[in-house]
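The structure appears below as structure tokens.
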Amino acid sequence: MILVSLIVPALMLCLVFLYLVLFRQFYMIKSKLPVFGFRGAMGGLNGKHRKLAVWGILIFVLGFAGQMATQLYAPSMLMVFNYEEAARGQNPNSTRFNESVILSDRILEKVVRRGGLALSADQLADFLTISTPLDAEKLDVTQESALKISTEYWIHCSEKVSLYGTTPKAVLNFLADVYWEDFTNNYAENDKVLDLSFDGLEGMEYLDVKDYLQMQAYKLKNYLPGYSSESSSFRVEGSEETFPSLSQKIDNFIEIELERYEAFILEKGLSRHRNTYQSRMQYANRLLDTDQKKDMAAHDVRIEAIDMYNAFMTRFVLIPTYDTDQEFYMSRTKVGVDYFADEAKELLESATKLLEEIEHNSYASGQVVRSRAGDDVYAQADEKIGELNAELQNLSAQCRQLCDAYVREKRDGYIQVSFATPSVPGNIIKAFLITILYLAVWIGLIVLQPYYAECTEAQAAGRKAQKLARKEYRKNKKEFRKREKAEKRGAKKNGEEGTGL
């Protein structure tokens with residue numbers, strides 16, 4: 001097939017050679033061309049119109065077939081990135097998009113292995129080129145509004161790759177598959193957070209189990225809203241679950257099931273290691289008490305600073321301004337006392353939460369001390385842990401199933417690949433232009449033929465006369481030399497006699 005792709009280059013080389021011959025003949029006979037009556041020279045075309053038409057049709061068919069075959073055998077591949085972040089020059093995970101990755105060594109090495117190609121990645125890189133529709137545009141980089149980010153890339157594979165036992169289209173197909181896999185693995189959404197781990201549950205304190213399961217549940221809860229905002233009604237075939245419904249189930253698990261479990265553990269005062277748990281609670285409360293006192297001290301400092309402000313300084317400060325609808329209004333701006341008040345409020349809220357944690361730890365430690373629970377109660381607690389674990393794993397599996405289906409459908413549209421189809425009208429025009437150029441050079445050669453033949457005959461006659469003259473000269477060379485010597489001696493003798501007189 002590579003020989004077919006050489007048809008058009010061979011035609012162009014022959015065309016160049018014919019034009020060089022035409023220019024050479026014209027240069028040789030330009031002085032002999034008639035200034036007037038050049039129309040008569042066109043008489044050489046008589047009887048050759050049919051021959052020119054046949055050759056013209058042949059050249060047209062060869063040019064058209066060669067271009068079509070080349071474009072069908074080695075079509076360019078269009079890769080379109082069809083996601084929202086692509087227009088901003090980013091990957092789906094908001095990292096910077098780099099088009100050079102498409103033909104990077106890492107990708108090409110995978111292409112060679114995937115296709116079992118008999119060439120190296122460096123050799124394959126020499127056959128591949130990438131371009132964008134914006135390459136032909138002149139962008140004014142001094143104006144930000146003129147800058148454009150391409151989301152379409154043309155990739156072309158040379159026909160020479162067929163010398164290594166493959167085809168350009170096969171190489172491009174391997175490239176598209178390998179790059180799509182690499183792109184989705186490295187730059188698409190990272191859903192590994194849905195793979196929950198429960199290895200740390202064994203031997204964990206009963207109250208810590210609640211915090212651990214709550215942390216795992218929040219991983220699922222925080223992951224779903226992004227998809228829910230994109231497609232709240234998306235469902236997997238054979239299931240009625242949606243992203244909002246799964247979010248509600250996770251909320252119920254956190255706010256109802258885990259709270260019930262915590263209430264049961266506190267009521268029974270269960271602990272795997274009573275003394276160790278008490279010591280830990282005391283140490284935790286000591287740290288929390290220190291933080292709570294720091295927050296209250298910072299809160300008191302800000303309240304004191306507010307009291308030091310003069311009442312005149314704390315009046316409203318109004319600034320004339322316009323809203324988004326260009327309506328005039330007086331806007332109130334904050335002063336220093338407002339910032340102190342906000343910080344004091346935040347510090348008081350933090351100190352209150354710390355105090356609640358201290359009270360919770362103290363209550364839990366007291367319940368453990370007073371507990372008289374038997375083995376049946378501990379068995380019941382272990383059973384509840386198993387049920388909560390199973391329920392959370394079920395929620396994780398449902399989230400994984402729904403997210404995988406949605407991401408799979410979403411990723412299918414990330415990169416769209418298509419191959420260029422040959423343009424029949426464009427190839428007809430190109431073949432027609434090649435045919436015209438051939439006909440023009442042939443007509444030129446036919447028109448110049450009589451003058452060129454006359455010139456070559458004259459040059460041949462001149463060269464023949466010169467050849468005969470040289471032959472005659474060589475034949476009579478000795479006689480010419482004797483005559484020259486005799487003439488020289490006679491001249492010398494005449495000179496001596498003249499001197500004696």
Side-chain angles (χ1 to χ4, degrees), residues 189-272 277 280-281 284 349 352-354 356-361 363-365 367-368 371 373 376-410:
E189 296 88 345
N190 185 0
D191 55 359
K192 293 181 180 179
V193 69
L194 299 177
D195 299 327
L196 303 183
S197 174
F198 301 96
D199 296 336
L201 280 178
E202 187 175 354
M204 187 178 290
E205 278 290 346
Y206 288 104
L207 284 176
D208 293 340
V209 169
K210 183 257 183 180
D211 296 333
Y212 183 82
L213 293 178
Q214 180 174 302
M215 178 185 66
Q216 298 293 331
Y218 268 113
K219 290 181 181 179
L220 304 178
K221 177 180 172 60
N222 295 334
Y223 190 82
L224 296 180
Y227 292 151
S228 180
S229 61
E230 295 177 6
S231 179
S232 59
S233 60
F234 181 80
R235 289 181 174 84
V236 179
E237 186 177 355
S239 174
E240 295 299 324
E241 296 295 343
T242 62
F243 293 116
S245 67
L246 282 178
S247 295
Q248 185 60 48
K249 284 187 175 183
I250 297 171
D251 286 337
N252 294 339
F253 176 81
I254 296 173
E255 298 173 3
I256 299 176
E257 301 298 331
L258 291 182
E259 292 299 327
R260 286 178 178 174
Y261 167 78
E262 183 182 29
F264 173 78
I265 299 300
L266 287 174
E267 180 185 357
K268 302 300 181 179
L270 303 182
S271 175
R272 296 188 186 277
Y277 185 75
R280 201 185 83 186
M281 290 299 100
E349 291 176 353
T352 304
K353 290 181 180 179
L354 292 173
E356 291 176 355
E357 289 185 34
I358 294 174
E359 293 176 351
H360 178 273
N361 292 340
Y363 177 74
S365 180
Q367 286 293 98
V368 169
S371 175
D376 57 333
V377 178
Y378 280 94
Q380 188 178 356
D382 292 336
E383 183 180 352
K384 287 183 177 293
I385 292 176
E387 293 174 355
L388 292 173
N389 191 358
E391 183 176 354
L392 187 56
Q393 286 184 351
N394 183 43
L395 289 173
S396 175
Q398 292 181 20
C399 291
R400 165 63 70 183
Q401 180 185 14
L402 184 62
C403 290
D404 283 350
Y406 179 72
V407 169
R408 192 181 308 111
E409 181 179 306
K410 186 178 179 181

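We're numbering straight along the sequence, starting at 1. Computed from a predicted model, the values in this text were never measured in an experiment.
Side-chain contact between F198 and L213: present, with at least one pair of heavy atoms (C-beta onward) separated by less than 4.5 Å. F234 places none of its side-chain heavy atoms less than 4.5 Å from the side chain of T242. Using a 4.5 Å heavy-atom cutoff, the side chains of Y363 and E359 are not in contact. Contact check for L388 versus V209: no side-chain heavy atoms found under the 4.5 Å cut-off. Between L392 and L220, the closest side-chain pair of non-hydrogen atoms falls below 4.5 Å.
Ion pairing between R235 and E241 fails under the 4.0 Å rule for side-chain N and carboxylate O.
Legend: residues meeting side-chain contact (heavy atoms from CB on, under 4.5 Å) with D208, ordered by chain and number and at least two apart, are M204, E205, D211, R280. With sequence neighbours left out, A390 forms a side-chain contact (heavy atoms from CB on, under 4.5 Å) with no residue at all.
Note: S228 OG to Y406 OH = 9.5 Å, rounded to the nearest 0.5 Å. Atom CG of residue D382 and atom CD of residue E387 lie 11.5 Å apart, to the nearest 0.5 angstrom. In this structure, OH on Y277 lies 6.5 Å from CG on N361, to the nearest 0.5 angstrom. Between the OG atom in S365 and the NE2 atom in H360 there is a gap of 11.5 Å [rounded to 0.5 Å]. Separating the CG atom in L258 from the CD atom in E391 is a distance of 8.5 Å, to the nearest 0.5 Å. To the nearest 0.5 Å, the span separating OG on S396 from CD on Q401 amounts to 11.5 Å.
Here the shortest heavy-atom pairing between L224 and C399 reads CD1-SG, 3.9 Å. For the pair S271 and Y378, the tightest heavy-atom approach, listed with the atom from each and the gap, is O-OH, 3.3 Å. The two residues A373 and K268 make their nearest non-hydrogen contact at CB-O, 4.0 Å.
Of the options L207, V368, I265, a side chain to side chain contact (heavy atoms under 4.5 Å, CB included) to L270 is made by I265 and by none of the others.
A donor-acceptor contact under 3.5 angstrom links the side chains of Q214 and K210, judged on distance only. Donor-acceptor pairing under 3.5 Å is recorded for the side chains of Q248 and N252.
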Please report the C-alpha distance between L196 and Q393 in whole Å, then the side-chain angles of each, then the deciding distance to 0.1 Å, and finally whether the side-chain contact (heavy atoms from CB on, under 4.5 Å) criterion is met. CA-CA 8 Å; L196 303 183; Q393 286 184 351; over 6 Å; no
Would C403 and F243 count as a side-chain contact (heavy atoms from CB on, under 4.5 Å) if you check the C-alpha gap in whole Å, the side-chain angles of each, and the deciding distance to 0.1 Å? CA-CA 9 Å; C403 290; F243 293 116; 3.9 Å; yes
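Residues Y261 and Y206 keep their aromatic ring centres 6.0 Å or farther apart.
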